[in-house]
Every structure is written in structure tokens, then in C-alpha cells.
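Order of listing sets the numbers, starting from 1, for every ligand and every atom in it.
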Amino acid sequence: MSLIQRLSVLGMAAMAMGLVASHDYGEALTKSILFYEGQRSGKLPPTQRITWRKDSALRDGFEIGVDLVGGYYDAGDNVKFTFPMAFSITMLAWSVLEFGQSLGTDLQHSLKAIQWGTDYLLKATSIPGFVFAQVGDPYGDHNCWERPEDMDTPRTPYAVSKEFPGSEVSAEIAAALAASSMVFRPINRGYSARLLKRARMVFEFADKYRGSYNDSLGPWACPFYCDYSGYQDELVWGAAWLLRATKAPYYRNYVLANIQNLDKSSSFAEFGWDTKHAGINVLVSRASICSIKF
Ligand SMILES: *[C@@H]1O[C@H](CO)[C@@H](O)[C@H](O)[C@H]1NC(C)=O
């Protein structure tokens, strides 16, 4: 039985027992946004609500002279994996663009969650020609379970470059920055413009130097966040977000020219940190681009 089938069976059982009505989805949403504060890395602000989490990883990147302090830890570990991190920011930004006015007091917390991510993504892309794809030796980290406040495992930074490209991680960052630039446009024009400018730059890097970080970073990236679906989907996804943010014909033409190259073997209905197909379909279907067929 697939996970979805199992979930729907559970759902039916729950409904039969009258449990569904008792779920407070508003509370679940509030806590899911609060969760981001528990995953924060770096110097925490006075407004931090999860107060048992303290400052950590305050010297990330310093060994190579780059400020990579901040961002989010991945899950139960203390590695900062930029690929899924950027996707989470893209999704948060998309949620605020679509449903921000329904979020109530969680709107402000969501904006803070996005900016905690985008501030870090700006740092991860501050050197032209490089994109920091992760911080923290994943083997050392996973071999030693520690709180980030106490960790003494290697905080190795890993970057993709022109010679060792990573189009999926770079194009996902471009998508996150472009989507977030739209979120901040009515609130902070300067910051929004900075995000959009960087999004264009990082997208160009992703597109011009094509390759998967699977190959470039080898065992440091995969088996952890292998790019199973290839990087074509992130390139089209990044271009689609840049199209929505800029309305520029360049990105429209890019989407039109490349959407046919998407891997036909993976499901058009799949959507997650790796495969972007369903998200591309929804985004592009709303962009009033004619003559794209699915
Ligand atoms: C990345 O590695 C995984 C696992 O080995 C593989 O399935 C996938 O095809 C690779 N992706 C690319 C783009 O090479």
C-alpha cells in the first residue's frame, strides 16, 4: 500500500470515529511556522519565541573568509543543506503570496521565517561564480548527535562553481529569492530589489554552467539530498518564478523553450524539494502564457 493510500485509509478511519472535526488546523499551521524558529542557526534575535534554542554556529564559513552564519538546520541534524532549505523558502513565499491575508498574526511570523532564509541565501550567493550548497560535514554531523549550541563536528562549507556546477541548488535559490522579492515588494522595496537582482544573477549562473551537484559535490551531497529528478525542473521553476516577479520576455521565452525538456518519466503531479513538476504546472498555468501544452 502506498503512503497516500495508507493516509487516506487512516483518514477514513478517523472520520468514521469522528476525530477529524477535533483537529485544530489553525493551531497546526501556527506551530508549523513556529517550528522554523527552532531550526534557526546563527545569532538569534531578542524576538526569538523558542527560547531554549540559543546562538549557534557563529563562525560558519569563517575558515575560508566567508560569512555563512544564519539560515536553517535541516532536520534533526545540524547540517545546513541549501537545496531543500531554499525550496522551503520558495514554498513559504508562495504561501504568503497566495494566502498571506488569511494568515492573521502568523503573517508577521511567516515574513520573519522567509527573511531568516533569504538573508542566508544572500550570504550563500555573495561571491559571484560560487554558490554555497551546504555547511557542515554530513558524515561527521550524523555520527555525533549534539545540540547545535554544543556541536564540535566539522562545519565544512561546500560550494558549487563554474567548474563544478550545481544547477538544481542554484536555480532553486533563484526561485526562492524571486518569490520572496514579490513578498517583500510592498513592505521593503530596497530589500525586494536586492533579492530580485540576486535571483537573476544566480539563475544566470545556474543556466550557464549546467550540471548536477550530485556530480560536483559527490558523496558530500548525495546520498543525503540526491538530485534524483535532474536539474531541468529547477531551471524551468526558477525561470517561472523570475517570470512572475519580472514579467520579462526573456524568462517567458525561457520557460516556453525549456518546459518541453522536462523529464517525462516522472509524474506531472509530483511536487517536493526535488521534483518541481506539479508546482511548475500550477505556476505556469496562471502566468497567462499561451501555447504551452502539458
Ligand atoms: C543523483 O544521484 C542519484 C542517486 O545515485 C541518482 O538516482 C540520480 O539520477 C542522480 N542525478 C543526476 C542528475 O545525476
Side-chain angles (χ1 to χ4, degrees), residues 2-4 71-77 79-91 121 124-125 129-143 154 156-178 199 201-242 251 254-281 283-284 294:
S2 77
L3 180 60
I4 297 294
Y72 290 107
Y73 296 117
D74 179 51
D77 60 3
V79 183
K80 298 192 292 195
F81 289 105
T82 321
F83 187 28
M85 191 201 300
F87 176 68
S88 304
I89 302 306
T90 311
M91 292 312 294
L121 296 179
T125 55
F130 293 90
V131 165
F132 284 92
Q134 70 199 58
V135 176
D137 170 343
Y139 297 94
D141 183 280
H142 291 179
N143 282 339
T156 317
Y158 302 85
V160 294
S161 62
K162 294 173 183 175
E163 294 78 21
F164 297 95
S167 297
E168 65 290 273
V169 59
S170 307
E172 186 59 53
I173 293 174
L177 294 174
M201 201 185 94
V202 178
F203 179 78
E204 193 190 337
F205 170 78
D207 184 39
K208 194 166 171 189
Y209 304 99
R210 290 191 183 198
S212 169
Y213 84 155
N214 249 19
D215 301 321
S216 298
L217 298 182
W220 303 108
C222 185
F224 302 99
Y225 282 96
C226 301
D227 173 22
Y228 294 100
S229 75
Y231 53 78
Q232 289 295 344
D233 56 336
E234 279 81 23
L235 286 173
V236 174
W237 172 242
W241 274 110
L242 276 158
Y251 297 113
Y254 190 97
V255 171
L256 284 170
N258 290 284
I259 202 159
Q260 304 301 339
N261 300 339
L262 292 181
D263 175 14
K264 303 281 191 299
S265 64
S266 51
S267 164
F268 72 92
E270 207 177 321
F271 190 49
W273 61 266
D274 184 18
T275 304
K276 308 288 152 48
H277 293 209
I280 292 169
N281 290 350
L283 197 58
V284 169
F294 293 101

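Listed by number with element, the atoms of ligand 1 under 4.0 angstrom from any heavy atom of Ser212 are 13 (C). Interface of Cys222 with ligand 1, defined as ligand atoms under 4.0 Å from a residue heavy atom, comprises 2 (O), 4 (C).
Rounding to the nearest 0.5 Å gives a distance of 5.0 Å between CG of Asp77 and CG of Asp141. Interatomic distance, CD of Glu172 versus CG of Asp274, reported as 10.0 Å (0.5 Å rounding). Atom CZ of residue Phe205 and atom OG of residue Ser161 lie 6.0 Å apart, to the nearest 0.5 angstrom.
With ring centers used as reference points, Phe81 lies 6.0 Å or more from Tyr158.
At least one N/O-N/O distance between Asn214 and ligand 1 falls below 3.5 Å. Ligand 1 has an N or O atom lying under 3.5 Å from an N or O atom of Asp227, backbone or side chain.
For atom 7 (O) of ligand 1, the closest heavy atom belonging to the protein is Tyr228 CD2, 3.5 Å.
Residue pairs meeting the salt bridge (charged side-chain N to carboxylate O under 4.0 Å, His left out) criterion with at least one partner in residues 207-220, sequence neighbours excluded, are Asp207-Arg210.
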